[in-house]
Amino acid sequence: MSLRKTVVEQFKNPHGFLGRIAGWIMANRRSNRERNEWTVALLNVQSTDRIIEIGCGPGLALEACLARAADGHVVGLDHSPTMLDQARARNAEAIREGRLELRLGTLDDLPATGAAFDKICSANVVQFLPDRGSAFRKMYSVLNAKGVAATTYMPRGKNPNRENALTMAEDVRRHMEVAGFTNIRIEELPMNPAPAVSVVGEHP
Ligand SMILES: C[S@@+](CC[C@H](N)C(=O)[O-])C[C@H]1O[C@@H](n2cnc3c(N)ncnc32)[C@H](O)[C@@H]1O
């Protein structure tokens, strides 16, 4: 496997020693902290909200959600046990208090029926989802009426640019619209070398 493929794989499904390093980088890189904080800020979290993060990685956005939803409940979903270990260590107190639950798995593992969440977020995960149509249908099905979902993405790879970010944002917007989301808007966070984008939509 090429070096680039090895690195991408460790951000897609961190595992082993290299996976722990990838998690450490995500947790400590200033731009990633900023991107996660910005994503959560877009959700307008209320103190009693039930929130799920898809692909929570080392748990930065979970931490930001927990700080806002003092009387709510937060779920972190990730298919990597290595990442759940790091998210658990970062948010141990909230787990002890019963405010945070970590689940190993993917969107396919969530029950299809029954609105369960007021807010859904993800940061730099959408590019790894195998079927975006099905992913946004599932997100829609687990969101309460008036619930909000924010999907953040920042392009990587060779010479990423704003065009790459907006192309993904448009694809996400289209899938959200088909799934039934309304009031969909695209937000931008200036970053180097390309902006982060977040597509925010509501369940009517
Ligand atoms: C680039 S990392 C981002 C982590 C975190 N959101 C952040 O911004 O710090 C991508 C994360 O998504 C997880 N992931 C990728 N595909 C997934 C899927 N289909 N279901 C659940 N988790 C997934 C990976 O294990 C990894 O933790």
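Remember, it's 1-based here, ligands and their atoms both numbered in the order they're listed. What you are looking at is a predicted structure, and each value in this text was computed from that prediction instead of being measured. In what follows, residues are counted from 1 in the order of the sequence shown.
- In D78, the parts holding a heavy atom less than 4.0 Å from any atom of ligand 1 are both the side chain and the backbone.
- Ligand-side atoms of ligand 1 in range of P14: 24 (C), 25 (O), 26 (C), range being under 4.0 angstrom from any heavy atom.
- Atom 9 (O) of ligand 1 has its closest protein heavy atom at N32 ND2, 2.9 Å.
- With a heavy-atom cut-off of 4.0 Å, I54 does not touch ligand 1 at all.
- For the pair E101 and R96, the salt-bridge criterion is not met [side-chain N within less than 4.0 Å of a carboxylate O].
- Salt-bridge check for E177 with R173: passed, with a basic side-chain N closer than 4.0 Å to an acidic carboxylate O.
- Between F181 and H203, the ring centre distance reaches or exceeds 6.0 Å.
- Of the protein's heavy atoms, N124 O, 3.4 Å lies nearest to atom 1 (C) of ligand 1.
- At a 4.0 Å heavy-atom cut-off, ligand 1 touches C56 through the backbone alone.
- Ligand 1 places these atoms under 4.0 Å from at least one heavy atom of G105: 20 (N), 21 (C).
- Interface atoms of ligand 1 facing E53, defined by a heavy-atom separation under 4.0 Å, are 6 (N).
- The parts of H79 lying near ligand 1 are both backbone and side chain, judged by heavy-atom distances below 4.0 Å.
- Closest to atom 5 (C) of ligand 1, if we only count protein heavy atoms, is G55 O, 3.5 Å.
- Residue-to-ligand polar distances keep P130 apart from ligand 1: every N/O pair is separated by 3.5 Å or more.
- Of the heavy atoms in N36, only side-chain atoms (C-beta onward) come closer than 4.0 Å to ligand 1.
- Under a 4.0 Å criterion applied to the non-hydrogen atoms of L129, ligand 1 contributes the atoms 19 (N).
- For ligand 1, the atoms closer than 4.0 angstrom to any heavy atom of S80 are 25 (O).
- Nearest protein heavy-atom neighbour of atom 24 (C) of ligand 1: K12 O, 3.1 Å.
- Ranking protein heavy atoms by distance to atom 10 (C) of ligand 1, first place goes to F11 O, 3.2 Å.
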